[in-house]
Peer 1: 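The structure that follows is given in the form of structure tokens.
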2 protein chains.
Amino acid sequence: MEIKNKQQGIMIVADVLDIVGGKWRGQILAHLCDDPKRFNELKTVLNKITSSTLTKELRYLEDIKMVERKIIQDKPIVIEYKLTDHGMSIKDLIVHIVEWGQKHRDSVFKKDE
Amino acid sequence: MEIKNKQQGIMIVADVLDIVGGKWRGQILAHLCDDPKRFNELKTVLNKITSSTLTKELRYLEDIKMVERKIIQDKPIVIEYKLTDHGMSIKDLIVHIVEWGQKHRDSVFKKDE
DNA sequence: CAGGATCCATATGGATACTG
DNA sequence: CAGTATCCATATGGATCCTG
């Protein structure tokens, strides 16, 4: 694929990074790539996230149709979060991100600590 | 490529998004993909960024060896910012980001306004 | 279990003015 | 031209407590 308009391409970069960027969004999407997860499952794997933050991030991802919220059971209530079809498409992008990170982690991440 | 350790892969995602995420970093890198640019050139294309913010972002990108600062001329001073070799490697990733953004912009960006 | 509510800390970026 | 310095606004995420 080629990007016709350079400036537009950069705007798209900004838009996408807006979606996948931030402290948690990318991680949440990455976790949901594998399989659907419940609220507290996500809360556990994300380790340091709080309920309210996780809720906010999930709502955002639902709003932009990346993630789907499904009520699995009513009492006690069980919710399952999974990627939508568009959400699934992010898998490829995440793979690319990880690939780049693996190739360049030495030069780029070393200094972090 | 395959990612052996899933959890580690997600950590890498977080690390990479830390680099390329944020409001300006991705855009700066995208702009520098084309060719080196001077401080005020970047300031112009980035439109709403302030000097101090641009300085901060550039320093960060220099620190992680993504961007190189070159003094082109001494008086009046002229500085040129360009991608390092690792920096150049980000081009592929940015292309993937733009590709994804183009494919999914309708479903994902529509609601933004 | 899956959040909502409230209040709080910090990070991020911005406005404005100034400099060699 | 390429920044620095100060001070400031807001966004982001967190802590804690509470609930159906």
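No experiment lies behind these values; they were computed from the predicted model shown. Chain naming here is simple, since letters A, B, ... match the order of the sequence lines and numbering starts at 1 in each.
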Peer 1: Can you tell me how far P of C/dT16 sits from NZ of B/Lys48, to the nearest Å?
Peer 2: 12 Å
Peer 1: So does A/Tyr81 get a side-chain nitrogen or oxygen closer than 4.0 Å to the phosphate oxygens (OP1/OP2) of C/dC1?
Peer 2: no
Peer 1: A/Asn40 and side chain to side chain contact (heavy atoms under 4.5 Å, CB included): which single residue from A/Arg38, A/Lys43, A/Lys37 fits?
Peer 2: A/Lys43
Peer 1: Look at all strands and tell whether B/Lys56 reaches a base, only sugar-phosphate, or nothing, counting heavy atoms closer than 4.0 Å.
Peer 2: base
Peer 1: Checking contacts here: which listed nucleotide (D/dA15, D/dA5, D/dA2) is nearest the side-chain heavy atoms of A/Thr50?
Peer 2: D/dA15
Peer 1: Can you confirm whether the side chains of B/Thr50 and B/Thr53 place a donor and an acceptor under 3.5 Å from each other?
Peer 2: yes
Peer 1: Which nucleotide in the list D/dG13, D/dA15, D/dA5 gets nearest to the side chain of A/Ser52?
Peer 2: D/dA15
Peer 1: Treating A/Gln7 as the side-chain partner and A/Ile10 as the backbone partner, does any N or O pair qualify as donor plus acceptor under 3.5 Å?
Peer 2: no
Peer 1: Let's see if you can work this out: which of C/dG14, D/dC1, D/dG3 has an atom nearest to the side-chain heavy atoms of B/Arg59?
Peer 2: D/dG3
Peer 1: Tell me what A/Arg25 touches on the nucleic acid: a base, only sugar-phosphate, or nothing, going by heavy atoms under 4.0 Å.
Peer 2: nothing
Peer 1: Choosing from D/dA2, C/dG14, C/dG4, which nucleotide comes nearest the side chain of A/Ser51?
Peer 2: C/dG4
Peer 1: Quick one: B/Lys75 NZ to D/dC1 P, roughly how many Å, whole number?
Peer 2: 18 Å
Peer 1: Over how many whole Å does the gap from A/Asp74 atom CG to C/dG3 atom C1' extend?
Peer 2: 15 Å
Peer 1: Expressed as a whole number of angstroms, how long is the span from A/Gln27:CD to D/dG13:C1'?
Peer 2: 13 Å
Peer 1: Let me know which of B/Leu61, B/Leu58, B/Ile28 forms a side chain to side chain contact (heavy atoms under 4.5 Å, CB included) with B/Tyr81.
Peer 2: B/Leu58
Peer 1: Is it true that, when you exclude B/Asp85 itself, more than 12 heavy atoms of the residues, nucleotides or ligands shown sit nearer than 6.0 Å to its CG?
Peer 2: no
Peer 1: Take the protein atom CG of A/Asn40 and the nucleotide atom C1' of C/dG4, then report the distance between them rounded to whole Å.
Peer 2: 14 Å
Peer 1: Separation of B/Leu42 atom CG from C/dG13 atom P, in whole Å?
Peer 2: 15 Å
Peer 1: Aromatic ring centroids of A/Trp100 and A/His104 under 6.0 Å?
Peer 2: yes
Peer 1: Nearest to the side chain of A/Phe39, which nucleotide is it out of D/dA2, D/dT16, C/dA2?
Peer 2: C/dA2
Peer 1: Find which nucleotide of DNA chain C each of B/Ile77 and A/Ile77 is nearest to by heavy atoms, and output the residue with the more 5' nucleotide.
Peer 2: A/Ile77
Peer 1: Please pick, from D/dG14, C/dT16, C/dA2, the nucleotide with the shortest atom-to-atom distance to any side-chain atom of A/Lys23.
Peer 2: D/dG14
Peer 1: Provide, to the nearest angstrom, the distance between the CD atom belonging to B/Gln73 and the C1' atom belonging to D/dC1.
Peer 2: 10 Å
Peer 1: Between A/Tyr60 and D/dG13, does any side-chain N or O lie under 4.0 Å from OP1 or OP2?
Peer 2: no
Peer 1: Between C/dA2, D/dG14, C/dG3, spot the one nearest the side chain of A/Ile49, thanks.
Peer 2: D/dG14
Peer 1: Taking the side chain of B/Arg69 as its heavy atoms from C-beta onward, which of C/dT16, D/dG3, D/dG13 lies nearest to it?
Peer 2: D/dG3
Peer 1: Quick one: A/Lys43 NZ to C/dG3 C1', roughly how many Å, whole number?
Peer 2: 10 Å
Peer 1: C/dG13, C/dA5, D/dT4: which one has an atom nearest the side-chain heavy atoms of B/Thr55?
Peer 2: D/dT4
Peer 1: By nearest atom, which of the nucleotides D/dA2, C/dG13, C/dA2 is closest to the B/Thr53 side chain?
Peer 2: C/dG13
